[in-house]
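Structure first, then comments.
Just so we're on the same page: letters track the sequence lines, and every chain starts at 1.
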Amino acid sequence: MKRSKIHTLLQSTHPSDQVLIEGWVRTRRDSKDFSFIEINDGSCLKNIQVIVQSSLPNYDDIQKLTTGSAVAVSGALVTSQGKGQFWEIQASDVAIISLASESYPLQKKRHSDEFLRTIAHLRPRTNKYGAVFRIRSELSYAIHRFFRDQGFYYIHTPIITGSDCEGAGEMFRVTTLDPQHPLSNGHAFDISRDFFGKEASLTVSGQLSAEMFALALGDVYTFGPTFRAENSNTRRHAAEFWMIEPEMAFCNLSGNMDMGEAFIRYLIDHALCNCSEDMELFGKFVDPSLMATLNHILSSEFVRLPYREAVSILSAASQSFEYPVTFGTDLQSEHEKFLTDVYFKRPVILYDYPKSIKPFYMRVNDDQQTVAAMDILAPGIGEIIGGSQREERLEVLEARMDETGMNKAGYEWYLDSRRYGSVPHSGFGMGFERLIMMITGITNIRDVIPFPRTPGNIEF
RNA sequence: UCCCCAGUAGCUCAGUCGGUAGAGCAAGUGGCUGUUAACCACUGGGUCCGCGGUUCGAGUCCGUGCUGGGGAGCCA
């Protein structure tokens, strides 16, 4: 008999004489002549209740089922005689697939996120983490659908890169050489004898590659793992995370902002419409104001604020800041928080940043002081998107590279794109985990990625 | 990397003025029951994070290390 998913059974419109489910015991209760087992198979948040009559031949064993044990249950799907659930299964057979030892760490009670991080291999079996990772999967799908519907192509940019300066933080070195004994013949460390014959690293961004494909296929995006070797110890940084990077030809900064805003809106809407049961859990147990916040984001325009005006607002603010605000310095977290959480109380798109604090590839504005950069800041999360219109003018780009002390030799391929049919184009990067944090209300990035990698932590 | 806070039973925590350790849940046993974080009774369970110091005596005070959390920087 074919196995049914619990998700499907709970949505049934009529009873069924014979069904088969396979899953894990969440909890078990005994009654006089029968036993209640609640089973979860991961297909949805809810468990299904199974009634096991004492007349079953292996009833003694069934009564010893512990939380976490795996079972296969066949029986009839019937309307429940009790309150609290519509459907339940009257079991005709309960096969014990495996018994969980009594040391199973997940109990029928609330655990702290800190504890669950120490058992990251088991935490997806809890209600909350099951919901997180179902939503994560659903949003991945929604991302592809969003872009596909608009004629974007999905590009797989390299994970291993030879660009030694992508301008976005410290990089992880990739080598096959043994640091203790770099070469078998006793020679000293010699990069030319390494696998690629030169320095190689894990990517910090697929942008430069994506630009090449935007200038061929028009509208493209990447969605893949990204690596930053920064020694960041905060609740919103991970050494390995997933990033979505659209890149659009014939698109200026304004179009870029439109796209970023529409993208975030679409994903929130998708989660609310397609993950309502899991979303309800977050609104109830993680952040009581979550639904109001998300609906507010959906119903209000994002603020679009030039950096220069942001500086004015912050300078005029009655609130005092630890760090001063002046044109030419990057805004501090406290400033961004003030804008999103206090002043506007909604997402803010900051744009036209000073040239001096932004990387070489961002397009220089006519004022020669600012570049066409934009960051989307979300309340409670901070920067969720960072992007720009790219510098498409060869001379300006080369001048910027010289200015920032870059070695152009390794970037001839990049510069070629400005030599042959260069066009205005734009793109941005969105941190996938930060999006999930915003949508679920979870405040620590380590709780929205299956096995988080942070400084000093690579267990599992 | 810097600043702040915490570490006590499997989990979540209490522990007063420095006087040799407590609760709820979990586990085990028994009872009751269409139950639903089931309920009731009993039982077992401790390197009080490690090391050093002060003291007659340290979970408690001091130093130091480790681990975890929050904030800052960096960013997505």
Side-chain angles (χ1 to χ4, degrees), chain A residues 26-39 46-53 64 66-68 78-85 88 90 100-119 126-127 166-170 204-207 223 225-245 260 285 321-323 329-337 357-359 375-378 381-387 428-438 443-449 454-457 459:
Chain A
R26 277 297 178 79
T27 176
R28 199 185 59 73
R29 297 175 288 273
D30 287 324
S31 192
K32 193 169 183 187
D33 296 316
F34 53 92
S35 197
F36 297 99
I37 314 178
E38 284 196 40
I39 296 179
K46 285 206 174 80
N47 307 324
I48 196 162
Q49 176 164 283
V50 173
I51 313 297
V52 186
Q53 301 294 340
K64 290 186 191 123
T66 48
T67 301
V78 299
T79 52
S80 177
Q81 295 169 35
K83 289 171 186 154
Q85 60 282 314
E88 65 186 17
Q90 283 285 350
S101 142
E102 65 182 48
S103 65
Y104 185 63
L106 292 173
Q107 300 170 6
K108 292 178 280 187
K109 56 168 275 191
R110 213 184 141 270
H111 288 290
S112 68
D113 292 328
E114 291 80 7
F115 170 68
L116 291 170
R117 259 170 239 155
T118 69
I119 50 166
T126 64
N127 288 340
E166 290 188 31
E170 296 293 313
V204 294
S205 164
Q207 179 199 319
F223 182 8
T226 308
F227 308 89
R228 303 273 167 92
E230 295 288 351
N231 188 16
S232 295
N233 282 290
T234 80
R235 59 186 179 82
R236 39 180 217 291
H237 288 88
E240 177 183 290
F241 62 99
W242 286 62
M243 188 157 66
I244 301 105
E245 296 180 286
F285 297 113
F321 297 109
E322 193 184 338
Y323 295 91
T329 57
D330 217 346
L331 297 186
Q332 305 288 313
S333 281
E334 56 173 345
H335 304 141
E336 295 182 349
K337 267 187 202 127
I357 57 170
K358 290 293 182 185
D375 284 355
I376 301 187
L377 312 175
I381 305 288
E383 183 176 346
I384 193 166
I385 278 180
F428 61 82
M430 180 174 83
F432 188 40
E433 285 74 20
R434 288 189 182 172
L435 173 88
I436 299 169
M437 289 167 72
M438 183 178 76
T443 53
N444 195 310
I445 197 169
R446 285 170 278 226
D447 298 333
V448 297
I449 191 165
T454 52
N457 187 355
E459 223 183 328

In whole Å, I'd like the distance from the CD atom of Glu170(A) to the P atom of rG73(B). 18 Å
rG63(B) versus rG22(B) - spacing of their P atoms, nearest Å: 30 Å
Which part of the nucleic acid, if any, lies within reach of Ile445(A) when heavy atoms closer than 4.0 Å are counted: base, sugar-phosphate only, or nothing? base
Aromatic rings Phe36(A) and Phe34(A): how do their planes relate, parallel, tilted or perpendicular, breaks at 30° and 60°? perpendicular
Side chain Ser232(A) and base rC74(B) donor-acceptor under 3.5 Å: yes
What does Asn47(A) touch in the nucleic acid at a heavy-atom separation under 4.0 angstrom: a base, only the sugar-phosphate, or nothing? nothing
Mind checking Gly429(A) for me? I need base, sugar-phosphate or nothing, with any heavy atom below 4.0 Å counting as a touch. sugar-phosphate
Does any N or O in the side chain of Glu88(A) come within less than 3.5 Å of the main-chain N or O of Val78(A), such that one atom is a donor and the other an acceptor? no
May I have the distance from Leu331(A) (atom CG) to rG73(B) (atom P), rounded to whole angstrom? 11 Å
note: Arg28(A), atom CZ; rU33(B), atom P; distance rounded to Å ~ 17 Å
Over how many whole Å does the gap from Phe321(A) atom CZ to rA72(B) atom C1' extend? 16 Å
Using atom P of each nucleotide, how far apart are rG53(B) and rC17(B) to the nearest Å? 27 Å
Under 3.5 Å, which protein N or O atoms sit close to an N or O of nucleotides 8-11 of chain B? Give each pair with its distance.
{"unit_1": "rG10(B)", "atom_1": "N2", "unit_2": "Gln107(A)", "atom_2": "OE1", "d": "2.8"}
{"unit_1": "rG10(B)", "atom_1": "N2", "unit_2": "Gln107(A)", "atom_2": "NE2", "d": "3.1"}
{"unit_1": "rG10(B)", "atom_1": "N3", "unit_2": "Gln107(A)", "atom_2": "NE2", "d": "3.2"}
{"unit_1": "rC11(B)", "atom_1": "O2'", "unit_2": "Lys109(A)", "atom_2": "NZ", "d": "3.4"}
{"unit_1": "rC11(B)", "atom_1": "O2'", "unit_2": "His111(A)", "atom_2": "ND1", "d": "3.1"}
{"unit_1": "rC11(B)", "atom_1": "O2", "unit_2": "Lys109(A)", "atom_2": "NZ", "d": "2.5"}

Which nucleotide in the list rG34(B), rA76(B), rC74(B) gets nearest to the side chain of Arg434(A)? rA76(B)
In the structure I gave you, are the side-chain heavy atoms of Asn457(A) and Arg117(A) within less than 4.5 Å of one another anywhere? no
Counting only side-chain nitrogens and oxygens, does Arg236(A) get under 4.0 Å of the OP1 or OP2 atom of rA76(B)? no
Counting only side-chain heavy atoms from C-beta out, which of rC75(B), rA38(B), rG34(B) sits nearest to Gln90(A)? rG34(B)
Here the gap from Lys46(A) atom NZ to Asn127(A) atom CG, rounded to the nearest 0.5 Å, amounts to 11.0 Å
Counting only Watson-Crick pairs (N1-N3 plus N6-O4 or O6-N4) and G-U wobbles (N1-O2, O6-N3), all under 3.5 Å, who is the partner of rA27(B)? rU43(B)
Expressed as a whole number of Å, how far does the P atom of rA21(B) sit from that of rA9(B)? 14 Å
Taking NE2 from His237(A) and C1' from rG73(B), how many angstroms apart are they, rounded to a whole number? 9 Å
Gap in Å between the two C1' atoms, one belonging to rU8(B) and one to rU54(B), rounded: 22 Å
Applying a 4.0 Å non-hydrogen cut-off, can you work out what Gln85(A) is touching in the nucleic acid: base, sugar-phosphate, or nothing? base
Can you check the distance between rU67(B) and rG28(B), where both ends of the measurement are the C1' atom (answer in whole Å)? 32 Å
I'd like to know if the side chain of His335(A) and the backbone of Tyr323(A) have a donor-acceptor N/O pair within less than 3.5 Å. yes
Take Ser232(A) and Thr234(A) through the test side chain to side chain donor-acceptor pair (under 3.5 Å) and record every step on the way to the result. CA-CA 6 Å; Ser232(A) 295; Thr234(A) 80; over 6 Å; no
Closest non-hydrogen atom pair, Gln90(A) against Gln81(A): NE2-NE2, 4.3 Å
For Ile381(A), does its backbone N or O pair with a side-chain atom of Arg434(A) as donor and acceptor, under 3.5 Å? no
Counting any heavy atom closer than 4.0 Å, what does Tyr323(A) reach on the DNA or RNA strands: base, sugar-phosphate only, or nothing? sugar-phosphate
Reported CD1-to-CG distance for the pair Ile384(A) and Leu435(A), which is rounded to 0.5 angstrom: 5.0 Å
Rounded to whole Å, how long is the line connecting atom CD of Glu322(A) with atom C1' of rG71(B)? 10 Å
Less than 5.5 Å between centroids and less than 30° between ring planes, does Phe36(A) satisfy that with rG34(B)? no
As its Watson-Crick or G-U partner within any shown strand, both distances under 3.5 Å, rU54(B) has none
When both distances are under 3.5 Å in a Watson-Crick or G-U wobble arrangement, the nucleotide paired with rG34(B) is none
Give a yes or no on whether the backbone of Val204(A) and the side-chain of Arg228(A) come within a donor-acceptor separation of less than 3.5 Å. yes
Assign Phe34(A) to base, sugar-phosphate, or nothing according to its heavy-atom contacts below 4.0 angstrom with the strands shown. base
Pick the C1' atom in rU60(B) and in rC48(B), then give their distance to the nearest Å. 10 Å
Asn233(A) (side chain) and rU1(B) (base): donor-acceptor pair under 3.5 Å: yes
Atom CG of Leu377(A) to atom P of rC75(B): distance rounded to whole Å? 13 Å
Euclidean distance for P, rG31(B) against rG68(B) (whole angstrom): 46 Å
Map Lys358(A) and Ser31(A) onto RNA chain B by nearest heavy atom, then report which one ends up closer to the 5' terminus. Ser31(A)
Just name whichever nucleotide pairs with rA9(B), Watson-Crick or G-U, keeping both distances under 3.5 Å, else none. none
With both distances kept under 3.5 Å, what pairs with rA76(B), Watson-Crick or G-U wobble? none
Determine the contact category for Glu245(A): base if any of its heavy atoms lies under 4.0 Å from a base atom, sugar-phosphate if only primed atoms, P, OP1 or OP2 are that close, otherwise nothing. nothing
Could you state the NZ-C1' distance from Lys108(A) to rA38(B), rounded to the nearest angstrom? 9 Å
Any N/O pairs under 3.5 Å between the protein and nucleotides 64-69 of chain B? List them or say none.
{"unit_1": "rG69(B)", "atom_1": "OP1", "unit_2": "Arg117(A)", "atom_2": "NH1", "d": "2.6"}

C1' atoms of rG45(B) and rC11(B), separation to the nearest Å: 13 Å
May I ask you to evaluate whether Arg29(A) reaches the phosphate of rA38(B), defined as a side-chain N or O under 4.0 Å from OP1 or OP2? yes
Check the phosphate of rG73(B) against Ser333(A), side-chain N and O only, distance under 4.0 Å to OP1 or OP2. Yes or no? yes
Check this for me, if you would: do Arg29(A) and Glu38(A) make a salt bridge, where the nitrogen-to-carboxylate-oxygen distance has to be below 4.0 angstrom? yes
Kindly give the heavy-atom pair with the smallest separation between Gly387(A) and Asp375(A), and that separation in Å. N-OD1, 4.1 Å
To the side chain of Lys337(A), which of rC75(B), rA72(B), rG34(B) is closest? rA72(B)
With a 4.0 Å cut-off on heavy atoms, is Ile385(A) in touch with a base, just the backbone sugar-phosphate, or nothing at all? sugar-phosphate
Any strand, both distances under 3.5 Å, Watson-Crick or G-U wobble: rC17(B) pairs with none
Give a yes or no on whether the backbone of Gln49(A) and the side-chain of Gln85(A) come within a donor-acceptor separation of less than 3.5 Å. no
I'd like to know if the side chain of Arg28(A) reaches the main chain of Ser35(A), judged simply by a donor and an acceptor atom lying under 3.5 Å from each other, with no hydrogens or angles considered. no
Selection from rU35(B), rA76(B), rG73(B) that lies nearest to any side-chain heavy atom of Gln332(A): rG73(B)
